[in-house]
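These numbers come from a predicted model, not from an experiment.
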Amino acid sequence: MPAVIAFGIALATTAKLRRPFSVQNSGFYLMRARPFLCFAFALWSSGCATEYSRDGIGLAGGAEAQMITNDTARISSRGNSFTDKARVQDFILLKAAETASARGFTHFAIISSEDASTESTYTTPSTAQTRVSGNTAYTTYRPGTRNTVVEPGEDAMVKFCKQSKADPCSGMLPANEIIQNLGAKYFAKN
């Protein structure tokens, strides 16, 4: 999708400048279209935060549960670089609540949690552009930049409980309330 947007902007810019688009002079047009391309990329990437999925963790992130014992599970949640940590924590709570409900439990408690975020860096290339005016050459140099990308993640061990008179599940979170409140936040879009 972003490639289509970028190509469309390049063609629109070409038409505006009334010069034929070709591979040989495409650098000129893309240089002129840079502000438009930045805007298109920002618009495209604004909707790129990880969506909650009941299907587990995919390429863009998500949440999954793995039962360890009959009443204990490991819940893992991952996000992409556009996802904030609070969203990943919400996914942990929502997946724990769904797992509890699916297995007949009414409450759950997070007994341990660990940060599973990943961090990577990349460097953009340096550029130099020389312009000649008469007998004088002017060179503009732009050094490369080093960028850090953080993809939030969390792993949690969760204990489940089925409320009864003998076991009131005190201090635990009610699964149905979590599903009702967080489910409304993340499933309203689907």
Could you tell me whether the side chain of [X] and the main chain of [Y] form a donor-acceptor pair under 3.5 Å?
{"X": "Asn181", "Y": "Glu177", "result": "yes"}
{"X": "Thr69", "Y": "Thr72", "result": "yes"}
{"X": "Ser117", "Y": "Gly153", "result": "yes"}
{"X": "Thr106", "Y": "Gln163", "result": "yes"}

Reported [atom1]-to-[atom2] distance for the pair [X] and [Y], which is rounded to 0.5 angstrom:
{"X": "Ser77", "Y": "Leu93", "atom1": "OG", "atom2": "CG", "result": "9.5 Å"}
{"X": "Cys161", "Y": "Met172", "atom1": "SG", "atom2": "CE", "result": "5.0 Å"}
{"X": "Glu98", "Y": "Ile179", "atom1": "CD", "atom2": "CD1", "result": "6.0 Å"}
{"X": "Ile178", "Y": "Ser101", "atom1": "CD1", "atom2": "OG", "result": "12.0 Å"}
{"X": "Glu64", "Y": "Thr99", "atom1": "CD", "atom2": "OG1", "result": "10.5 Å"}
{"X": "Ile92", "Y": "Arg87", "atom1": "CD1", "atom2": "CZ", "result": "14.0 Å"}

Measure the shortest side-chain to side-chain distance between [X] and [Y] over non-hydrogen atoms and say whether it is less than 4.5 angstrom.
{"X": "Met67", "Y": "Arg103", "value": "yes"}
{"X": "Thr123", "Y": "Thr145", "value": "no"}
{"X": "Ile110", "Y": "Ile75", "value": "no"}
{"X": "Ser126", "Y": "Tyr141", "value": "yes"}

Hphob cluster co-occupancy, Val88 + Leu94, side-chain heavy atoms under 4.5 angstrom: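 Different clusters: Val88 never reaches Leu94 through Ile, Leu, Val, Met, Phe, Trp or Tyr contacts under 4.5 Å.
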Count I, L, V, M, F, W, Y as connected when their side-chain heavy atoms are under 4.5 Å apart, and connections chain through other members. Are Ile111 and Phe108 then in the same cluster?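 Shared cluster, no.
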Determine the sole option in Lys185, Lys85, Lys95 for which the side-chain hydrogen bond (donor to acceptor under 3.5 Å, both in side chains) test with Asp90 is passed.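 That would be Lys185; it is the only one of Lys185, Lys85, Lys95 passing the side-chain hydrogen bond (donor to acceptor under 3.5 Å, both in side chains) with Asp90.
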Between Phe160 and Phe105, how do the two ring planes meet: parallel, tilted or perpendicular, split at 30° and 60°?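 The arrangement is parallel - the two ring planes meet at less than 30°.
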Using a strict cut-off of less than 4.0 Å between a Lys/Arg side-chain nitrogen and an Asp/Glu carboxylate oxygen, indicate whether Arg78 and Asp155 qualify as a salt bridge.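 Salt bridge between Arg78 and Asp155, a charged N being under 4.0 Å from a carboxylate O: yes.
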Do the charged groups of Asp71 and Lys159 touch, with an N to O distance under 4.0 Å?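 A salt bridge links Asp71 with Lys159.
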State, without any angle test, whether [X] and [Y] hold a side-chain donor-acceptor pair at a distance under 3.5 Å.
{"X": "Arg142", "Y": "Thr127", "answer": "no"}
{"X": "Thr121", "Y": "Thr148", "answer": "no"}
{"X": "Thr83", "Y": "Asn80", "answer": "yes"}
{"X": "Ser113", "Y": "Glu154", "answer": "yes"}
{"X": "Tyr138", "Y": "Thr130", "answer": "no"}

Should Asn147 and Thr124 be marked as a side-chain contact (heavy atoms from CB on, under 4.5 Å) after you check the CA-CA gap, both sets of side-chain angles, and the distance that decides it? CA-CA 8 Å; Asn147 301 300; Thr124 60; 3.8 Å; yes
Is the CG atom of Asn70 crowded by more than 12 outside heavy atoms at less than 6.0 Å?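 Open.
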Give the C-alpha distance, both sets of side-chain angles, the deciding distance and a yes or no for side-chain contact (heavy atoms from CB on, under 4.5 Å) between Val150 and Ser81. CA-CA 6 Å; Val150 177; Ser81 59; over 6 Å; no
